[in-house]
Protein chains: 2
Amino acid sequence: MKLSTRGQYATRALVDLAMHRDEAPILLKDIARRQQISQRYLEHLITPLVAAGIIVSTRGPKGGITLVKSPEEIRLDEVIQLLEGAIAPVECINNPGTCIRSRSCATRDVWDELRQTMTDFLRSVTIQDLMERQREKEKSTEVMYYI
Amino acid sequence: MKLSTRGQYATRALVDLAMHRDEAPILLKDIARRQQISQRYLEHLITPLVAAGIIVSTRGPKGGITLVKSPEEIRLDEVIQLLEGAIAPVECINNPGTCIRSRSCATRDVWDELRQTMTDFLRSVTIQDLMERQREKEKSTEVMYYI
DNA sequence: ACTTTGTCGATTAACTTAATCAACAATAAT
DNA sequence: ATTATTGTTGATTAAGTTAATCGACAAAGT
C-alpha cells in the first residue's frame, strides 16, 4: 500500500516550484538539488505535469519550468493521478473485467469506499497548503536554532 | 497505491470463514475453491492469521481452520497490517531514518495524515460488516434471477 | 556557431509479487 | 500400527514493477 517515488517526488517538485515562483523559470537542476531527486529521473516526472497544463517549460539559456496553474488550484489527488494513474487500492476497481467476482464481491465495495476516502483526503490538500506548511516548518526550525 | 493480493485474499478468506462458521473447521481447499484463490498460496496467507490468534488450525482428517476471534472484533486495519505490514503510504512514515528530510518535510506530514485517514477507515470496517454486506448482495442476486 | 536547457525513447539492475513445489508434521479413522 | 488426510514450512522461480541512467536530440538565447 505504497505511493511510488513518482508521486512523492512530483509533489515535492511542485511545492518547490511554488516556493520559488518569483524566480521562475526554475532549472530542473535546482529543483533536483534542493529536493534531493536525481535530475535524470525528475525529467521524466515533469512530462505529465506539462501535458496536464500545470507547468510550462522553456528550453535554452534562462529556460526552466514555470508553474502556470495557481498553487491553490493544484490538488494532490490530481498530482497522484497524473503520476501514478488512477487511485485504486485494488485492480478490479478500475478494471472490473479483471475479476469475474466483481459484480458480487462485498470486499470490492469496501475497497472502492477506501479509494473514495483516500481521494477525498487528497483532494482536500493543495500545493498552496503544502507550501504554507513548509514555510511554517522552516520558521520553527529557525526558532529552534535560535534557542 | 495498491493493496497486494495478500491483503485482498486474506480478507476474502476471513469473510468466507465467517459465512461458514457453523461448518467449522473449514478446509483450506474449500476456501480456495469458493474464493478462487490458489490453495498453495492461501496456505501462506493463513499463517499470520493463526499467529495473531484470529484463527486456529487443526491437522488431519476432519481438520481445517476455524475462526476463533468473533467477526465483529476483526477489523480490516488489523488484517491488512498482518498481511502487508504497517499501513504507510511512503517508506519514511515507518522508517524516518531512510530520508534525512523527514524532520523538515511538509509533504511527509501530509502522507502521515493520509495514513491516518486510511487506517481510520479500515478500522471502521469489520469482518462481520463484510459478511452482512455479502449476504445482502447474494439476496439481491437471487431476486434478480427471479425477475 | 555555440552553449544552455528541456525531451524522449531505450535500457538496466534491483526488488517485489504471486505463485508453485516438495518434504514434513500432526491427527483421525481403520 | 498403518494409512489417509490435512495443515506447515522453507526454497525456488517467473513475471512484473520500480527507480534510475544513458545517449541522442530539439529548441532557444547570446
Side-chain angles (χ1 to χ4, degrees), chain A residues 1-13 17 23-33 35-52 54-68 80 83-85 88-92 95 98-99, chain B residues 1-13 17 23-33 35-52 54-68 80 83-85 88-92 95 98-99:
Chain A
M1 208 54 181
K2 288 276 194 298
L3 223 50
S4 80
T5 55
R6 291 172 58 87
Q8 294 177 58
Y9 290 176
T11 304
R12 294 226 299 264
L17 220 39
E23 310 156 27
I26 311 291
L27 296 181
L28 282 180
K29 196 198 322 183
D30 291 341
I31 299 175
R33 179 176 37 76
Q35 298 300 323
Q36 295 162 289
I37 301 170
S38 143
Q39 184 184 337
R40 285 301 181 113
Y41 192 38
L42 183 59
E43 289 165 0
H44 292 277
L45 308 185
I46 290 307
T47 312
L49 299 175
V50 174
I54 293 176
I55 60 180
V56 293
S57 66
T58 48
R59 302 184 187 194
K62 304 289 177 187
I65 63 178
T66 307
L67 203 54
V68 287
I80 299 304
L83 272 293
E84 318 217 347
V90 298
E91 188 57 31
C92 63
N95 295 16
T98 54
C99 182
Chain B
M1 208 55 181
K2 288 276 195 300
L3 224 50
S4 79
T5 55
R6 291 172 58 88
Q8 294 177 57
Y9 289 177
T11 304
R12 294 226 300 263
L17 220 40
E23 310 156 27
I26 310 291
L27 296 181
L28 283 181
K29 195 199 320 185
D30 291 341
I31 299 174
R33 178 175 37 75
Q35 298 299 323
Q36 294 162 289
I37 301 169
S38 142
Q39 185 184 337
R40 286 296 179 108
Y41 192 39
L42 183 60
E43 289 166 358
H44 292 275
L45 308 186
I46 61 156
T47 312
L49 300 175
V50 173
I54 292 176
I55 60 179
V56 292
S57 64
T58 48
R59 301 184 188 195
K62 304 288 178 190
I65 64 179
T66 307
L67 204 54
V68 287
I80 298 304
L83 273 292
E84 319 217 348
V90 298
E91 187 57 31
C92 63
N95 295 16
T98 53
C99 182

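The chains referred to below are lettered A, B, ... by the order of the sequence lines, with proteins before strands, and numbering in each begins at 1.
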Distance (rounded to the nearest 0.5 Å) between Ile80(B) CD1 and Gln8(B) CD:
8.5 Å
Between Thr47(A) and dT7(C), is there a contact of a side-chain N or O with OP1 or OP2 at under 4.0 Å?
no
Tell me, for nucleotides 21-30 of chain D in 5' to 3' order, what letter each nucleotide earns: B for a base near a protein heavy atom under 4.0 Å, S for only sugar-phosphate near one, - for neither?
BBB--BBBS-
Ile26(B) near the nucleic acid: base, sugar-phosphate alone, or nothing, with a heavy-atom cut-off under 4.0 Å?
sugar-phosphate
Donor-acceptor pair, side chain of Glu84(B) and main chain of Ser4(B), under 3.5 angstrom
yes
Test item: Ile26(A) and Leu67(A) side chains (from C-beta on) under 4.5 Å apart, heavy atoms
no
Do any side-chain nitrogens or oxygens of Ser4(A) fall under 4.0 Å of OP1 or OP2 in dA19(D)?
yes
Nearest-Å distance, CG (Leu83(A)) to P (dT17(D))?
17 Å
Grab the CG-C1' distance between Leu27(B) and dA28(C) for me, whole Å please.
14 Å
For the pair made of CD in Glu84(B) and C1' in dA18(C), what is the distance, rounded to whole Å?
12 Å
Specify the separation, in whole Å, of atom CG of Leu28(B) and atom P of dA19(C).
16 Å
Ile37(B) side chain near Arg12(B) side chain, heavy-atom distance below 4.5 Å:
yes
Return the value, rounded to whole Å, for the distance between atom CE of Met1(B) and atom C1' of dT17(D).
17 Å
To the nearest angstrom, the NZ-P distance between Lys2(B) and dT17(D) comes to 10 Å
Could you give the CD-to-C1' distance, from Glu91(B) to dT18(D), as a whole number of Å?
14 Å
Test side-chain contact (heavy atoms from CB on, under 4.5 Å) on Ile31(A) and Ile65(A) and set out the steps.
CA-CA 10 Å; Ile31(A) 299 175; Ile65(A) 63 178; 3.7 Å; yes
OG of Ser57(B) to CD1 of Ile46(B): how many Å apart, nearest 0.5 Å?
6.0 Å
Test side-chain contact (heavy atoms from CB on, under 4.5 Å) on Val68(A) and Ile54(A); report intermediate values, then the result.
CA-CA 6 Å; Val68(A) 287; Ile54(A) 293 176; 5.9 Å; no
Rounded to the nearest angstrom, tell me the gap between atom CD1 in Ile46(A) and atom C1' in dT5(C).
13 Å
